[in-house]
Structures are given as structure tokens and as C-alpha cells.
Amino acid sequence: MNKLVTESDERPKCYFSDGSLPLQEIQKKVGGYIRIVTLSDNRKMAVNDDGLLMNLPYNKEATELAQPSMSPDDYIVGDVVVFSKGAFR
């Protein structure tokens, strides 16, 4: 599994999956319960459902991926898992 390049390992990460990760592993990557965000290209992104309440750090890469499908003021925090197209049917 690869991640987007970040400037520091302290910054939130984007992990990529073909959909074969079990739920527990996805939850471990994002640090809690997940919420699925559908991206504009129909891929899915798992984010921490309580990330904003937990004050997780802003994830620039994930926000840029999700921005076309979100309202302009929305943003993504914490580590995320991005699934390839067709991972969920």
C-alpha cells in the first residue's frame, strides 16, 4: 500500500487500497470509526468520522482529492484511505 508523498511523517497521510483491507485495518489507519466520502471520479475515501471533534490535523492532499465533491468550506482532517474505482459495488 502506498501513500501520497508528504513533507513530513508528522502530517496526515493518504493511503491507497484496492478494497481488500478489512474494516478493522481501515479503522486503524484513520484512527477510529470511518465515514465514506465519494470523490468526483467515483472513488471512495474513508475518513475518521470524529476527526473534526478530535481536532485532527488538516490533510491537504486528501482535501485536494475530495474538494470537487465537497462544498467549498469543507476540508478533510487526519489520515485517510482512498479506494480504487470499483472497490465497493
Side-chain angles (χ1 to χ4, degrees):
M1 185 174 313
N2 298 325
K3 65 179 179 178
L4 281 178
V5 176
T6 58
E7 295 173 16
S8 163
D9 280 342
E10 299 298 319
R11 294 186 181 197
K13 297 166 185 64
C14 292
Y15 297 95
F16 292 87
S17 172
D18 61 4
S20 61
L21 285 176
L23 176 61
Q24 294 80 7
E25 187 65 26
I26 298 167
Q27 289 174 321
K28 190 176 182 182
K29 294 258 185 232
V30 303
Y33 292 111
I34 65 168
R35 179 172 57 96
I36 299 295
V37 175
T38 301
L39 304 178
S40 62
D41 62 1
N42 288 323
R43 289 183 296 167
K44 308 294 186 206
M45 176 188 291
V47 302
N48 185 312
D49 193 38
D50 296 318
L52 291 173
L53 295 173
M54 296 168 64
N55 292 316
L56 294 179
Y58 172 72
N59 187 324
K60 182 180 182 209
E61 290 84 5
T63 299
E64 289 172 356
L65 285 171
Q67 196 62 61
S69 59
M70 299 188 312
S71 36
D73 295 334
D74 285 344
Y75 56 95
I76 304 292
V77 298
D79 292 346
V80 303
V81 178
V82 179
F83 299 94
S84 55
K85 289 182 185 179
F88 296 106
R89 294 181 186 207

Enclosure of Tyr58 OH (heavy-atom neighbours >12, cutoff 6.0 Å): yes
Taking Thr63 for its side chain and Tyr75 for its backbone only, find out whether a donor-acceptor pair lies under 3.5 Å. no
Write down the atom of Asn59, the atom of Pro12, and the distance for their closest heavy-atom approach. ND2-CB, 3.3 Å
Val77 and Val47: same hydrophobic cluster, using ILVMFWY side-chain contacts below 4.5 Å? no
Can you give me the closest heavy-atom contact between Val81 and Lys29, atom names plus distance? CG2-CB, 3.8 Å
Can you name the closest pair of heavy atoms from Asp74 and Gln67 and give their distance? O-OE1, 3.5 Å
Starting from Phe16, can I reach Met45 by hopping between I/L/V/M/F/W/Y residues whose side chains sit under 4.5 Å apart? yes
Can a side-chain donor-acceptor contact be found between Ser20 and Asp18 if the only test is distance below 3.5 angstrom? yes
Establish whether Met70 and Val82 are linked, either directly or via other cluster members, by ILVMFWY side-chain heavy-atom contacts under 4.5 Å. yes
Could you measure the distance from the CD atom of Glu61 to the CZ atom of Arg11? Nearest 0.5 Å is fine. 7.5 Å
Distance check, rounded to the nearest 0.5 Å: Asp50 atom CG versus Ile34 atom CD1? 12.0 Å
With hydrophobic residues grouped by side-chain heavy-atom distances under 4.5 Å, do Tyr15 and Phe83 end up in a single group? yes
Between Asn48 and Val30 (side chain of the first, backbone of the second, donor and acceptor by atom type, cut-off under 3.5 Å), is there such a pair? yes
Once rounded to the nearest 0.5 Å, what's the spacing between atom CD of Gln27 and atom CD of Gln24? 6.5 Å
Could you tell me which non-hydrogen atom of Cys14 sits nearest to which non-hydrogen atom of Ala62, and how far apart they are? SG-N, 3.6 Å
Quick check for you: to the nearest 0.5 Å, what is the distance between Arg43 atom CZ and Leu65 atom CG? 6.0 Å
To the nearest 0.5 Å, atom CD1 of Ile36 lies from atom CD1 of Ile26 at 6.5 Å
Membership question, hydrophobic clusters at under 4.5 Å side-chain separation (ILVMFWY): are Leu21 and Leu23 in the same one? yes
